[in-house]
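Residue numbering restarts at 1 for every chain, and letters A, B, ... go by the order of the sequence lines. All of these numbers come straight from a predicted model, not from anything done at the bench.
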Amino acid sequence: CSDELNLTNPNEPTTDTFWQTQEDAVKGVTAIYAALLNDGTYMRMIPALTDGRGDDFKADTPWPDLWQVAAFNIPATSGPVAWVWDGHYIIIYRANQVLQYVPEMDVEPELKERLLGQAYFLRGLAYFNLAINFYEVPLVLEPQEPSEYNVPTASEEDLWAQIHSDFQEAQSRLPVSYNDVTGPDQGQIGRATVGAATGMLGKSYLYRERWSEAATEFEKLIDGGPYAVYELMEDFRHNFDVDHENNAESLFEVQFGSIEQVGGSVANYGGEPNGNWQQRSSIAFTYSPEGYEDFLVTDWIYQAFQQEMTVEGEFDRRLQPTIMSREYDETVYGHEWNYPGDIYPRKYTNEGLPQPELREDSGINYRVLRFSDILLMYAETQNELGNQAVAAQYIQRVRDRAGLPDRVAEFSAFSQQEMRDQLAHERALEFAIEAIRIHDIIRWGWFDDPAKVEELRQRDSEFDSWAPGKQYLPIPQDELDVNPNLEPNPANN
Amino acid sequence: QQVTGVVTDESNDETLPGVNIIVKGTMTGTTTDVNGQYELNAPSLNDTLIFSYIGFQTVEVPIDGRQEIDVQLSPVSLMGEDIVVVGYGTQQRRELTGSISSIDGDDMKSYSTSDPADLIQGRVPGVQVNSDGQPGAAPNIRIRGVGTFGNNSPLFVIDGVPVGTSIRDFNPNDITSIEILKDASAAAIYGSRAANGVVLITTQQGTTDTPLQVEYSGYFGIDEVWQRMPVTGREDYQMLVNEGLRNAGMPLVAGNDPNSPLYIDDINTDWQEEGLKTGQRMNHNLTFYGGGENTTYNLSLDYLDSEGTLVGHGPDYERYSTRLNTTAEKGIFKFGQSFYYTYTNEKALNYNTSELTGGRPPMIVDLVSAIPTLGLYDPSVEGGCAGTDQTIHRAIVLNVPCTNQLLEGETNVSRTFASAYGEVDIIDDNQQTLTYKISGSYDRTNVRNVNWVPEFVQGFFFSNAAADLNDGENTYYTGVVENTLTYDREFEGNHDVTLLVGHTYQRGGGIFRNGYAEGFPKPYFKVLDNGNTKTSSGSENANALESYFTRLNYNYDDRYLLTATLRRDGSSRFPEDNRYGNFPSASVGWNLHNEDFFSLPSFINQLKVRASYGQLGNQSIGEYQYIGTINTSIPYNWNGSKVFGATQTQVVNTEIQWETKTTANIGIDARFLKNMFDLTAEYYSSTTSDILVAVPIPNTTGAFDPPTVNAGELRNSGLELALSYNKMQGDFTFDISANFSTLKNEVLALGGNDEPIYGVGTKTEVGGEIGRHFGHKVEGIFQSQEEIDNHAFQNNGTAPGDLKFKDVNEDGVINADDRTYLGSGLPKYTYGLNFTGQYKQFDFTVFASGMGGHKINSRIYRYLMLTSDYLNYHEDMLDRWTPENRDTNIPRRVVNDPNNNGRDSDREGWLQNGTFLRINTVAVGYSLPQSVREMVGVKNTRVYFQVQNLYSFQHYKGYNPDFTAGTFEPGYDNGSYPKPRSFMVGLEIGF
């Protein structure tokens, strides 16, 4: 009576019955996005472990992993580092399932293209983050059989080729906006667009110093290009608050929601998702002096903001949205300045916003790619291609929003190196505490230049314990232990 | 009518003084005098006399009109006479061929515990029981080592009924005996679930022709945690933290900086003093039993309360239980019934992990590592618990005593375990019997888990803004229906054959529901309805097992013995093609002392050799693991509106099948020197193949839980010895028993490509044993920069005072490739010693057990010795390296630990000798003499004083060397709760 032993799982559909309907395809793509909300991705560790390494940010935390990352001596056994690794491969696994099953499924053709495009985009984003943080990682491009689990490390070339390919595939399938599409995704703002794919494709070329290819992509997004629908927000702070999410400056952002906004009772750190998961960001509480205060801004970045005043003779308009200071903040969070220190990060915290700083419960969307980055990256390509005058214009466009004086003429006369230095300064101010800085420093080759390393050490003493290769996160030891085909990276020593 | 006589010892014909004699069914009785003679007045010469004496078999002798009756009593431990409970029946010990160890109920009762499984500890060779010290702690039991990578707990069978979930709910006072089936032959009849061994528990039954007997037993005791971790006080703590910061070139933390206005000089909290309290335990048991001509009954009522030793809401454990066992027979029919109900309330040691930020270690680790510069209470904050400040203390400290009063968690278990059987003797004549038996049982456990967290603020790290409540109920059930036919026939020429055939079907499962509410207005009413937002969750699962089995017992003239068993099992946990497994076994025995052609030396009274070989199956994994599933509840939002995604989140192996354990066992049983010595020696070797285990896979798969696969092969072998000596004559009688066992474990395969499996500071690799400690070898401490420069590169920040690690692969760099094996985490031997003696009205018990030959990786010690952190320190840290104190093996203090001195290594204290001996029980009892008892009108009455866990001889600098641990890190003590020393007074009285 074998039937007595044939018990079916009453809790969930099985893989045999899923991946059939159009609804399944849509849900499969949503699940990829959901992986952006975990501790190892944008909920905390991608921002925290990236910002911590920058010269604009330093650790002030009892949590060893955070200061060890910030001081470039994190052991490969670190939990948070492993979460970053794991979190991104979860994105990849979910994207791979969509890319494997959806092409064969009966889905309305245009919708199918959009769904596949989003899967490519998110996989490309995951590999982009892995490549810039871990240097070299394995490429997994489809759901694996047990015999395929021990994937070898891919070469840097193959890895970046895949990133470019994924963003190209995404670019060819995604719409400019979801307001104009017909289908179940109509009006669902927050999905990846062709603008997001184009911007990331350009950025991934830029990281490989393929300047003209990068420029070509950026041009599609600016000044009459086919996807030129973006503009800078007048108020810089609107890029880091809840009330102006998915705004005109935003090419792609991760959709966080506070408990009040989207509910949930189980913290979304990681593990097996369930319907009661929250969708909150920990970044505000991690950075804020009202929270864990795990990091402080460096004096250097505070000073850098004050090198140049606005045309009205005031502070750079980005300073206050980025840093809270005893110098100009009479009240913070509605009370008098009562912190022992003088400066603290404000960007991505809830200070000054309508909602209070609740424990690890911020709904502020994480802006992955902003239009100002497109403008400054385009300027960088033009400088590298020898068009300093063009570069100067785009730099100034970002400066204008900050209220800084027009120096187009002066910049146009810069040498290529002078322009690089200026760009480094402009990018430091524009993107302080946005999980970008250390990657700029790495790709500009500053770690190969003893003078630059010394400069970094002057700005942030955490660079004192940096050793070659330690600018990356180490490949997690657990992963090296279990997969003999995986290579350690320079940060593992 | 007067009856007289002499009572003698059958084994040596000496007279026995002090033997109890009562007239059956009455209160009339007497005892033998110093010469073994007795005299009593029986109401009638048709009565029956009952002769009972400690250490001897009780006999009933009908007076049958006689006036002089001489009786011989035989020692109970005489091998040939013991009745041993085996699977689906009983056997006489002399007929046994498999490996079965028995524990008598009286022995076990000298240890007070909430969990019957604890009673096995140290009693029999080859069984290792590890348990933590909190009330209600569930022990780990391993019979003959770690046989599998997954669930290693044996199958518990109570009165023939397999127990579905925890054994903890059962009342130890109900138990009359425990048998442990260790080899394949003995356990084979339970095939599918028996691979980890079987523990058969027999509960008390009434006796026929006995008027109502009433017995009370109870005790009251206090529990003290007598061990203390020596930690630093305020001044040393501040000095050490400051030194670490200075060495790192960092500014001092305000509270520890004498130049800061926030400097703390008026707080010096001893957290162990504040957090640990005197616990108490009590137990009351009332048993009513008796029976008529054809019926028996036994009713017990029991109350156990064990209040833990930690300040606050728990850990506590309380249990109410009742059991009713009855039997009746008439002619060829017989039936029996057992009904057990229990209600328990446990306040566990664990917080609900979601309630406190950043997954906490066990509470005892948090308690011991708390800093002395923090006080307990702060009335100015919500909840009133003082907490650390980022600026003043920087340390992340959980205020355990206060938090444990603030948060409330409890588990209520309501369990019904009911079984019944009916039997009919289809054939019953002089040569043969054929018996059909049907039995059914139902085990249902309702578990309510409640966790309450009020609003509170505790420093910068811990707080809860909205009070929340989890209130969940889980139901577990197991139903079993069994049919057996037993045919027994004695053929001419002393051939005795018993054949059993049977079928069993078992269905089990669980239903899980939880309600969650948060945002409670004050004053708090802690029910779900009062929360502002509420969510619910739930799931269920089921499993089924169907088995056919047969067993043949053959006995020729009590000389040659054979048992052969075959079982075929089907499990719902495997895919259809792999569903069934066949598990055969056979064993033989030879009673040499019954051979005529062969004469044993005269000092040997009995000698049996036996051998067995067989296979057992294991399927103790979760449900539905061979089918991939889609998680359909993966939330995201589009600009604030919540949506659900769905995808496969875990990978599965679709080919899983039965795990099989093959065991060979040889043994001898002997009695010698006038039956005073009793020896059992056994050697076994078992190999488990197709082990069901979740082998870690790379996280590049995107699946974070490894799938269960059939991976690997393990071999365990060992020697087991049990020896006892009984002195039964004279005023002073005693019984000494000792057991000793060794264990050797070897991993033969790990499945797939045989990739090693890493645990917490361990590595398991083919050719080695499971869970060996793994890490760096320490070569000393760097004394100078020159020494650092001449050594393999460790880290940019390495400085004098840091540990020097061995460059094992000699590549000039110290990294993960330099890790190597650092010792065993598995005890190589375990042993137990028991002494029970009696002098006139006094009795004494001493029971000790221990294990050794392994090393312990102690989380609690390492926490207190961290180079880098802001937490409190073990006093050993005072001997750290400083430029003035170079002759030490404890590295310097430096916040940030650039050299990673904290990594897994063999540095002093990181791995500690695990050998220990624990004095589990010391007890003295006094029984009222006969004359007084008669005067007062009571039967056996005993008062006793008992000390439990009196002392433990150990090298280990943690609390508890026999902690419970994970399979792949058997030597890792994650923070076991200390075992208290208990002082108890007890009373046993019968009416």
Side-chain angles (χ1 to χ4, degrees), chain A residues 4-5 7 9-15 18 27-28 30-31 33-34 62 64 67 71 73 75-76 85-86 89-90 92-94 97 138 140 144 146 149-151 188-190 246 255 257 261-262 265-267 272-277 279 293 340 358-359 465 467 477 479 481-483 492-493, chain B residues 354 390-391 394-396 460 463 465 516 518 535 537 539-540 542-544 546 570-572 579 624 627-640 642-649 653 696-704 755 758 795-797 813 815-816 868 870 896 898 900 903:
Chain A
E4 300 285 349
L5 300 177
L7 304 179
N9 187 335
N11 302 298
E12 295 175 311
T14 62
T15 40
F18 197 72
K27 286 186 166 187
T30 305
Y33 283 96
W67 45 249
N73 62 1
W85 177 276
D86 301 349
Y89 278 104
I90 290 171
I92 291 163
Y93 178 41
R94 296 182 187 175
Q97 290 181 62
V140 180
Q144 297 165 289
Y149 287 164
N150 292 339
V151 207
Q188 290 184 332
I189 305 306
N246 304 307
Q255 311 290 308
Q261 289 175 295
V262 294
S265 56
V266 179
E272 185 64 44
N274 67 58
N276 295 330
W277 262 24
Q279 303 182 41
E293 191 197 302
L358 293 172
R359 169 159 299 250
S465 42
Q477 190 61 47
E479 203 67 5
D481 283 344
V482 74
N483 179 356
N492 280 83
N493 276 332
Chain B
S354 66
Q390 164 78 307
T391 307
R394 186 150 317 165
I396 297 174
F460 78 107
S463 72
Y516 173 84
E518 70 173 25
T535 54
S537 55
S539 67
E540 60 183 279
N543 64 71
E546 182 167 43
S571 167
S572 65
R579 200 153 272 165
Y624 321 118
I627 314 168
T629 56
I630 301 292
N631 183 330
T632 57
S633 312
I634 308 178
Y636 197 64
N637 72 87
W638 304 119
N639 217 3
K642 191 171 182 175
V643 291
F644 285 102
T647 201
Q648 186 175 358
T649 55
N653 184 310
I697 57 173
N699 282 335
T700 45
T701 51
F704 35 90
E755 296 303 336
Y758 293 79
N795 190 282
N796 241 14
V813 179
N815 58 21
S868 61
Y870 300 90
N896 206 337
N900 197 359
R903 69 182 88 183

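Interface remark: A:Q279 contributes side-chain atoms only to the contact with chain B (heavy atom separation under 4.5 Å). Residue contact with chain B, scored on non-hydrogen atoms closer than 4.5 Å, involves the backbone and the side chain of A:A467 alike. Proximity to chain A (any heavy atom under 4.5 Å) is shown, for B:N639, by both the backbone and the side chain. Interface residue B:N637: backbone and side-chain heavy atoms are both found under 4.5 Å from chain A. For A:P138, the part sitting under 4.5 Å from any heavy atom of chain B is the side chain, from C-beta outward, and nothing else. Both the backbone and the side chain of A:D481 have a heavy atom closer than 4.5 Å to some heavy atom of chain B. Proximity to chain A is limited to the side chain of B:Y758, based on heavy atoms less than 4.5 angstrom apart. Neither the backbone nor the side chain of A:I92 comes within contact range of chain B, judged by heavy atoms closer than 4.5 Å. Both the backbone and the side chain of B:E540 come within contact range of chain A, judged by heavy atoms closer than 4.5 Å. In this structure, chain B has heavy atoms under 4.5 Å from both the backbone and the side chain of A:W277. With a 4.5 angstrom heavy-atom cutoff, A:Q144 touches chain B only via side-chain atoms. Heavy atoms closer than 4.5 Å to chain A are found in the side chain of B:Y624, but not in its backbone.
Across B:P696, B:G797, B:A544, B:P635, the residue that shares the most heavy-atom pairs under 4.5 angstrom with chain A is B:P635. Among B:G645, B:P698, B:G628, the residue making the largest number of heavy-atom pairs under 4.5 Å with chain A is B:P698. Most heavy-atom pairs under 4.5 Å with chain A, from the set B:R394, B:E755, B:Q648: that is B:Q648. No other option in A:L358, A:T15, A:T30 has as many heavy-atom pairs under 4.5 Å with chain B as A:T15. Ranked by non-hydrogen atom pairs under 4.5 Å with chain B, the options A:N274, A:V151, A:V140, A:N483 are led by A:N274.
Listed for the A:Y93 side chain is no donor-acceptor partner under 3.5 Å among the backbone atoms of B:A703. Under the 3.5 Å distance criterion, the side-chain polar atoms of B:N900 are left unmatched by any main-chain donor or acceptor of A:P75. Side-chain N or O atoms of B:T629 include none that pairs as donor or acceptor with a backbone N or O of A:E12 at under 3.5 Å.
Looking at heavy atoms from C-beta onward, A:N492 lies out of side-chain contact with B:N815 at the 4.5 angstrom threshold. Counting heavy atoms from C-beta on, the side chains of B:I634 and A:R94 come closer than 4.5 Å. Within the 4.5 Å cutoff, side-chain heavy atoms of B:S463 are placed close to those of A:R359. The side-chain heavy atoms of B:T700 and A:W85, taken from C-beta on, include a pair separated by under 4.5 Å.
Considering every non-hydrogen atom in both A:V262 and B:G640, the closest pair reads CG1-O, 3.5 Å. When every heavy atom of A:E272 is checked against every heavy atom of B:N631, the shortest pair comes out as OE2-ND2, 2.7 Å. Between B:Y636 and A:Q255, the shortest heavy-atom distance links the atoms OH-N, 3.0 Å. Nearest approach of B:S537 to A:N276, heavy atoms of both residues: CB-ND2, 3.9 Å. The shortest heavy-atom contact between B:N896 and A:A71 is ND2-CB, 4.0 Å. The two residues A:I90 and B:G702 make their nearest non-hydrogen contact at CG1-O, 3.5 Å.
Taken to the nearest 0.5 Å, the CG atom of B:N699 stands 5.0 Å off from the CD atom of A:E479. Once rounded to the nearest 0.5 Å, the distance linking CH2 of B:W638 with OH of A:Y33 reads 4.5 Å. To the nearest 0.5 Å, the span separating CD on A:E293 from CD on B:Q390 amounts to 5.0 Å. Between atom OG1 of residue A:T14 and atom CD1 of residue B:I627 there is a gap of 6.5 Å, rounded to the nearest 0.5 Å. Going from atom CG of A:D86 over to atom CZ of B:F704 covers 9.5 Å, rounded to the nearest 0.5 Å. Taken to the nearest 0.5 Å, the CD atom of A:Q97 stands 6.5 Å off from the CD1 atom of B:I630.
The closest side-chain donor-acceptor pair between A:S265 and B:E518, if any, does not fall under 3.5 angstrom.
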